[in-house]
Amino acid sequence: MALKDSSAGWYFGADLKPMLVDDLGRRFPPSASKNHPNLPHTAAVLPLPAANARDAAGFLVVGINPRLKLDEHYHDFLHLMRAQIASAIANAQSYEDERKRSEALAEIDRAKTVFFSNVSHEFRTPITLMLGHIEDLLARSGERPDDYDRLLIAHRNSLRLLKLVNMLLEFSRIEAGRLQARFEPTNLATTTAELASAFRSAMEMAGLNLTVDTPPLPEPAYVDREMWEKIVLNLLSNALKFTLRGDVAVKLADDGDNFVLTVRDTGIGIPANEMPRLFERFHRVEGARGRSQEGSGIGLAFVQELVKLHGGTVSAESRLDEGTTISVAIPKGSRAPAQRRNGNGEDRSSTTVGAAPFVEEALRWLPDHPSSDAGLPEVDPAPHSPEKRNGSRRTLLVVDDNADMRDYLRRLLSAQYDLKIVGNGEEALAAVGSQKPDLILTDIMMPGFDGIELLRRLRTDARTNTVPVIVLSARAGEESRIEGMQAGADDYLIKPFSARELLARIEAHLKMSQYRMEAAETLRASEERFRALVTASSDIVYRMGPDWHEMRFLQGKDFVADTDEPSDSWLETYIPPEDQTLMLARIGDAIDNKAAFEMEHRVIRRDGGLGWTHSRAIPMLDSNGDIAEWFGAARDITDRKRAEETRKRLLSELSHRVKNMLASVQAIAQHTLRSAKNPADFAASFSGRLQSMSRMHSLLTRTAWEGADLGDIIRDQLLWGTADARRVTTSGPPVRFDAQTATHVAMVLHELGTNAVKHGALSLRDGTVSIDWSVSDNALCLNWTEQGGPPLKMPLGPGFGTSLIEKVATGGGGSARLTTEADGMRWEVRLPLEAHVPPSTLSDLEEPVREAPAANAPAASTKLKGKRILVVEDEALIAFEIAAILEDEDAEVAGPAATPGDALRLIDEMALDAALLDANLRGQPVDAIAAALADKKVPFVFVSGYGREALPPGFADTALLAKPFNPRQLLEAAALLVGEPKSILRFRH
């Protein structure tokens with residue numbers, strides 16, 4: 001057959017697809033078919049898939065009957081035949097593979113049995129020699145009584161080792177079918193009772209109640225006495241080991257065809273999922289709470305094999321935390337003739353060791369068992385002088401469930417160290433809780449939780465996670481060593497170990513622990529000094545991750561909240577939302593440049609309020625130069641920032657007042673100059689008005705600009721050389737004005753007093769002035785009455801004083817009326833009083849920027865004529881000056897308005913061409929006025945002594961005319977307003 005396509009032979013493809021060959025006459029010689037004219041001309045090649053391979057196991061070649069049509073039914077028949085043949089081949093292959101696996105496992109089991117048998121035999125020889133010499137020494141120990149107890153320990157543990165070796169040896173013989181059972185008639189009740197009684201003292205010392213119920217049986221039982229002894233002793237040993245309280249009951253009964261031995265206990269019980277594997281060799285229930293974790297895991301499996309040799313059965317019943325019952329059933333009758341031997345075994349030598357090793361081992365499981373080694377001298381394998389700490393001996397905690405090992409370690413270590421010796425993990429934790437040891441020696445396999453769990457708990461406790469721990473274990477594999485080291489052990493010593501090596505390792509770990517403690521103490525002291533330095537110089541200490549995403553620690557010292565655990569929400573916790581973008585940008589710059597971060601920023605305080613800090617953080621770099629973390633400190637600068645804000649506010653307010661005063665002085669000068677007849681008259685009038693203003697400012701300064709009383713204002717303005725106090729009378733209730741109103745009232749009184757001295761009642765010797773006032777409907781009604789003066793002459797027009805009085809009164813929403821009488825005149829002035837003037841809300845003000853119209857602004861005289869311009873100004877002199885300048889250019893002045901209410905009323909009632917708006921009216925905001933002007937599309941400009949920061953929100957770009965200003969600047973600004981379309985004018989200078 002050809003592997004490739006050719007004109008002769010068969011072709012088998014590499015894949016598993018069926019093929020149809022329809023040229024058999026061409027592929028095979030004609031002579032092969034000349035005597036068979038009905039041979040098929042077509043054949044099907046069907047690959048047979050292998051069970052566990054991608055390739056075909058073979059190919060099935062089927063000739064197609066030339067007399068039948070190759071239709072769908074024919075195809076189904078071919079596929080069915082292919083599947084049946086492939087299945088038969090797969091089954092044959094599986095059977096062959098399974099047979100090979102069984103033979104391999106049997107060979108491995110035989111090799112293991114031979115190995116155990118050989119090793120057991122090899123163990124028995126040295127153990128026999130050891131026991132012989134030890135027993136010989138015990139017989140002659142009277143010569144050296146100090147060695148007697150040590151020889152007892154060696155003899156006891158040699159017998160224990162012999163018991164284990166014998167068990168392994170017999171187990172291997174049973175599996176190999178070479179163990180000979182010697183059946184003989186036995187009084188089973190007496191034998192069982194004697195064996196059980198050997199455990200009575202051990203049971204009582206363990207606090208258990210042993211019940212033995214073995215009534216006489218009707219006939220002897222045919223058993224192998226040595227095997228029966230091992231069955232009973234193993235079952236009782238297990239019952240004592242896993243019964244922590246309660247009782248153990250041994251019962252022997254006749255059950256018709258069998259003698260049944262039952263051992264029942266009230267121990268820890270066996271989980272249901274472990275019951276099927278209870279009698280498997282080397283299987284141990286994981287996590288079982290017994291008196292000891294020692295054991296090989298073959299006891300019950302050995303019992304089962306011995307019972308099988310008797311033709312009996314063994315069964316178990318158990319409930320977790322309630323107890324276990326093991327039942328052994330031995331058939332009745334003579335078995336000696338029928339079962340003389342088991343297989344082709346060899347003659348059996350006795351392997352019994354009696355009940356003593358079982359009982360002695362059980363006694364060593366009891367923590368309160370009086371040690372026979374109590375009087376033994378300490379072991380001193382070599383001269384050794386361990387270092388002491390602070391003049392006292394080091395303390396070691398020894399944890400081992402084997403009493404002999406505990407006694408050995410006590411004798412080995414007690415000369416150099418103070419010891420605390422316990423038998424399990426729970427007691428170890430309790431001992432550590434009462435006194436922290438300098439080092440811990442612990443076994444791995446212990447009752448309760450084992451040494452690995454003890455290590456885990458020690459390492460998760462901050463008090464003990466640095467205590468050195470040396471593990472002493474009989475588990476010698478590499479995996480066991482790795483498991484112990486990964487659990488946190490500092491060292492792992494395999495039993496048996498050299499005493500000198502153990503002492504050397506203990507001392508080495510104690511020294512390393514001391515060095516670590518000294519280094520940690522040095523580091524702690526250094527950190528404390530550094531922390532004290534930072535604490536003394538900073539209000540906040542913090543640590544950040546490399547990218548500032550995580551805050552690892554922050555101590556806020558009652559300024560901000562502490563962060564003790566890593567947090568990724570620190571930005572929302574400490575930084576106001578409106579400041580986060582700027583802060584993240586500064587942090588990003590510091591990270592990119594690996595430079596210090598430094599910034600003054602706001603923080604959210606512990607009480608929820610806002611404060612200010614000066615924060616500085618430096619990057620800590622690793623060995624590669626990358627940022628490992630940031631260490632930072634911050635100072636509370638809230639008081640400094642508040643002081644700075646107060647200073648700015650004071651400077652801004654001072655600047656505003658100075659500018660207003662200068663603007664007022666400028667207005668006084670302009671109006672005085674207009675009304676003066678000559679320079680001397682100007683100088684006298686201007687000087688008097690400045691002195692009046694100066695005295696009023698002095699009066700307000702004495703009250704911190706909180707206001708002034710009307711009586712004080714009258715005395716300040718009229719009784720300062722202007723008038724004779726005997727000719728001026730006053731009467732009225734106490735009235736107190738705010739600073740701005742007090743200034744306006746002072747100007748009014750100064751003008752009235754000056755006019756009275758120059759032209760009125762006080763110009764004559766007998767003339768008098770009477771000032772009386774009252775308060776009604778939240779308004780001041782002040783009457784100024786002059787009598788005994790010269791005849792009055794009506795002026796051609798109102799002078800500056802008269803105009804000023806009227807402007808002051810009407811600008812605040814009041815009125816002023818002059819009436820003349822036969823022998824004098826009378827002014828009636830009505831001024832609304834504000835019950836409360838809210839304080840200024842301005843903050844963070846800076847020195848205002850002087851703004852002026854563009855240099856190429858058109859001449860104002862051609863623009864303002866006939867234009868109605870609203871003037872909103874609370875300083876009467878300034879308002880009077882603005883109105884006078886605009887009226888000189890034939891503009892129509894609306895107002896002036898001194899309050900937001902008057903301004904809004906005028907805007908609502910009049911059609912306006914422009915507006916000049918003071919940015920602050922007696923501390924009240926002008927947002928509503930600006931919005932009303934914008935709604936009516938009235939162009940306006942702010943007139944203010946504050947900077948642009950004081951402008952209402954949304955109008956920061958509106959033009960600003962800074963006080964003081966000259967007439968030209970005012971006219972050019974007004975001209976720009978009326979020259980633009982009616983909208984809010986926004987221009988810059």
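Since this is a predicted model, take the numbers as computed values, not measurements. Computed over heavy atoms, backbone and side chain alike; hydrogens, waters and symmetry mates excluded.
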Side chains of [X] and [Y], heavy atoms from C-beta outward: is any pair under 4.5 Å?
{"X": "K436", "Y": "V467", "value": "yes"}
{"X": "V471", "Y": "T442", "value": "yes"}
{"X": "F553", "Y": "D562", "value": "no"}
{"X": "L412", "Y": "L502", "value": "yes"}
{"X": "L441", "Y": "I506", "value": "yes"}
{"X": "I627", "Y": "L621", "value": "yes"}
{"X": "I470", "Y": "D490", "value": "no"}
{"X": "N234", "Y": "F302", "value": "yes"}

For side chain to side chain contact (heavy atoms under 4.5 Å, CB included), just list the numbers for L240 and F199, CA-CA rounded to whole Å, side-chain angles, deciding distance to a tenth of an Å, and then say yes or no. CA-CA 9 Å; L240 174 60; F199 270 88; 4.3 Å; yes

Reported [atom1]-to-[atom2] distance for the pair [X] and [Y], which is rounded to 0.5 angstrom:
{"X": "L397", "Y": "Y417", "atom1": "CG", "atom2": "OH", "value": "14.5 Å"}
{"X": "M544", "Y": "R552", "atom1": "CE", "atom2": "CZ", "value": "9.5 Å"}
{"X": "L455", "Y": "Q486", "atom1": "CG", "atom2": "CD", "value": "12.0 Å"}
{"X": "L300", "Y": "R277", "atom1": "CG", "atom2": "CZ", "value": "13.5 Å"}
{"X": "R410", "Y": "D400", "atom1": "CZ", "atom2": "CG", "value": "14.0 Å"}
{"X": "M551", "Y": "T563", "atom1": "CE", "atom2": "OG1", "value": "5.5 Å"}

Under 3.5 Å donor-acceptor, T266 side chain and R245 backbone: yes

Donor-acceptor contact below 3.5 Å, side chain D265 vs main chain T324: yes

Walk me through whether L503 and L413 qualify under side chain to side chain contact (heavy atoms under 4.5 Å, CB included). CA-CA 8 Å; L503 289 172; L413 303 174; 3.4 Å; yes

Name the one of I326, V250, V248 that satisfies side chain to side chain contact (heavy atoms under 4.5 Å, CB included) with L235?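 With L235 as partner, I326, V250, V248 yield a single side chain to side chain contact (heavy atoms under 4.5 Å, CB included), made by I326.
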
Inspect the contact between D247 and R264 and indicate whether a charged nitrogen and a carboxylate oxygen are less than 4.0 angstrom apart. yes

Could R516 and D438 be called an ion pair, given the rule that one side-chain N must be under 4.0 Å from one carboxylate O? no

Please report the shortest heavy-atom distance between [X] and [Y], naming the atom on each side.
{"X": "A316", "Y": "L278", "value": "CB-CD2, 3.5 Å"}
{"X": "R393", "Y": "S414", "value": "NH2-O, 3.2 Å"}
{"X": "K230", "Y": "L306", "value": "CB-CD1, 4.0 Å"}

Report the C-alpha separation of L458 and L429 in whole Å, then their side-chain angles, then the decisive distance to 0.1 Å, and conclude whether the side chain to side chain contact (heavy atoms under 4.5 Å, CB included) test is met. CA-CA 8 Å; L458 291 172; L429 286 182; 4.2 Å; yes

